[in-house]
Amino acid sequence: MTTKPTALIVGAGISGLSAAWWLDKAGWRSILIERSAAIRDGGYVMSLAGPSRKTIKEMGLQDTLEQMSIKFEENIILDKGGHELIRFKYEDVHGSGPEGSLAICRDDLARIISQHLPEGADIRFSETLGDVSEEGDKIKATLKTSGESIEADLLIGADGIRSDVRSRFWRDVDCLEHLGYSYAVYDVEGTATDTHTSTCVTYNSPGHADILYELRDKRLAGLHLWRDDAVHLNDRADRMKTVREATEGAGIKAVSDVVNQAEKAGCTPVVDSLTMVNLPQWSKGRVLLLGDAAHCLTLISGQGAGMALVSAEILGKELQATKDVAHALANHGRRLRPAITRLQDRSRSMAAVYVTKNWLGYFVRNLILKILPYRWIVAWLADSAKAELKLLNE
Ligand SMILES: Cc1cc2nc3c(=O)[nH]c(=O)nc-3n(C[C@H](O)[C@H](O)[C@H](O)COP(=O)(O)OP(=O)(O)OC[C@H]3O[C@@H](n4cnc5c(N)ncnc54)[C@H](O)[C@@H]3O)c2cc1C
């Protein structure tokens, strides 16, 4: 009996879970270790569009995700005074039907992928890496909590933007690129109003964008972005205080009301900087980085989760096509790189459009939104996802 090659995957987020799914199809066995006690909860809605739709279909997740998808109808962009700048129909930008975009909560997607893993999938929660080394074409690792020793043919770092695997194997590589913004995201119970039903409202002011939308279960989600040259990666002691101070700067009552409600409800938002990960190679020997650990794109370009799914598919298919792991990893990087480069360029160039840096930028951006024909703006936004699909097919 031939034994299956084994991958040790660190991180059971979208990248790690989808890698385990595709590796199983390629005839590999995966051991997933996740430092949280369960699939991480945490509410923000992700738009899954473009190339990831094909991957979702191949994974057999299409129907489930269609059912779970939040049906947004409109995205209304307001200026500081509450006047409407533009009102996008969701399907004009994101399409509809099988070619359109799905709006899925991050934790729902992770849970659904985990439920689709083969029976007996080996996920170890509350677990992290102890010692790890590469010896010839094997990875030798010990797990911190259980103390178990593991020998694997591939180590996959799918452990997010502040990847432990990356810090061990890409030591001294300065790969974080801060865009000069911070964000906070949370959801709060019982505050949904009719105004937000099926609608995403973006309040703008110089240096700020505050987005409110309703989740499926009558919860209201808040996403706040603000200019912030100081990088507060570790400054998370009082997250709600950070959110309150940042949003007070925008001076918009509707936003402050929601922040107050979230504070009263004891929400603990995710607060972080908009930071990309830039690496010239995503693999070294038998170590591979996937998803945000390899190439965090930020929420400005979107598609981080979508590309994590696509990346896992490419990896699985490359490993199925050859037993030469080095060759498969090189092909994986070569095929994925053009789309990632394009998305990261988009994050760099679009950050200041979404969150204007100053009053001048704010007036110019708002003027453009008002004078350009709606169909031009929509066509430009919609074309982006198609361009990535083309790059992946080349
Ligand atoms: C507000 C917001 C909006 C977004 N919108 C979109 C969108 O519309 N569309 C889209 O496609 N993407 C979007 N994204 C991006 C998307 O969420 C990420 O790109 C994606 O979730 C990355 O998945 P990942 O598995 O690579 O990393 P993560 O989701 O960070 O998962 C990493 C996992 O590793 C675990 N872990 C970390 N360290 C260790 C360790 N040392 N040992 C063991 N486990 C560890 C973590 O607990 C976690 O479970 C958005 C992101 C944000 C913040």
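Here, residue 1 is the first one in the sequence, and each next residue gets the next number. Atoms within each ligand, like the ligands themselves, are counted from 1 in listed order. Being a predicted model, the structure only gives us computed values, none of them experimental.
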May I have a table of the N/O to N/O pairs between ligand 1 and the protein that fall below 3.5 Å, each row giving the two atom names and the distance to 0.1 Å?
unit_1   : atom_1 : unit_2 : atom_2 : d
ligand 1 : 8 (O)  : S47    : N      : 2.7
ligand 1 : 9 (N)  : S47    : O      : 3.0
ligand 1 : 9 (N)  : Q303   : N      : 3.4
ligand 1 : 11 (O) : Q303   : N      : 3.3
ligand 1 : 11 (O) : G304   : N      : 3.2
ligand 1 : 11 (O) : A305   : N      : 3.0
ligand 1 : 11 (O) : G306   : N      : 3.0
ligand 1 : 12 (N) : G304   : N      : 3.2
ligand 1 : 12 (N) : A305   : N      : 3.1
ligand 1 : 17 (O) : Y44    : OH     : 2.7
ligand 1 : 19 (O) : D292   : OD1    : 2.8
ligand 1 : 19 (O) : D292   : OD2    : 3.4
ligand 1 : 19 (O) : A305   : N      : 3.4
ligand 1 : 25 (O) : I14    : N      : 3.1
ligand 1 : 25 (O) : S15    : N      : 2.9
ligand 1 : 25 (O) : S15    : OG     : 3.1
ligand 1 : 26 (O) : S15    : OG     : 2.5
ligand 1 : 26 (O) : D292   : N      : 2.9
ligand 1 : 29 (O) : R40    : NH2    : 3.3
ligand 1 : 38 (N) : R35    : NH1    : 3.4
ligand 1 : 44 (N) : R35    : N      : 3.1
ligand 1 : 47 (O) : E34    : OE2    : 2.6
ligand 1 : 49 (O) : E34    : OE1    : 2.7
ligand 1 : 49 (O) : E34    : OE2    : 3.3
ligand 1 : 49 (O) : R40    : NE     : 3.3

- Item | For D131, salt bridge (Lys or Arg N to Asp or Glu O under 4.0 Å) partners two or more places apart | none

- Message: According to salt bridge (Lys or Arg N to Asp or Glu O under 4.0 Å), who are the partners of K323, at least two apart in sequence or on a separate chain?
- Response: none

- No-hydrogen, no-angle side-chain donor-acceptor test under 3.5 Å, H208 and T247: no

- Assess the side chains of T145 and E127: does a donor N or O sit below 3.5 Å from an acceptor N or O?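 Yes.
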
- Task: Indicate yes or no: at least one non-hydrogen side-chain atom of T199 is less than 4.5 angstrom from one of R87.
- Result: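 No, every pair of side-chain atoms sits at 4.5 Å or beyond.
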
Show which side-chain atoms of residues 356-367 pair as donor or acceptor with protein atoms under 3.5 Å away, not counting sequence neighbours.
unit_1 : atom_1 : unit_2 : atom_2 : d
N358   : OD1    : L360   : N      : 3.3
N358   : OD1    : G361   : N      : 2.8
Y362   : OH     : K80    : N      : 2.7
R365   : NH1    : V353   : O      : 2.6
R365   : NH2    : N204   : OD1    : 3.3

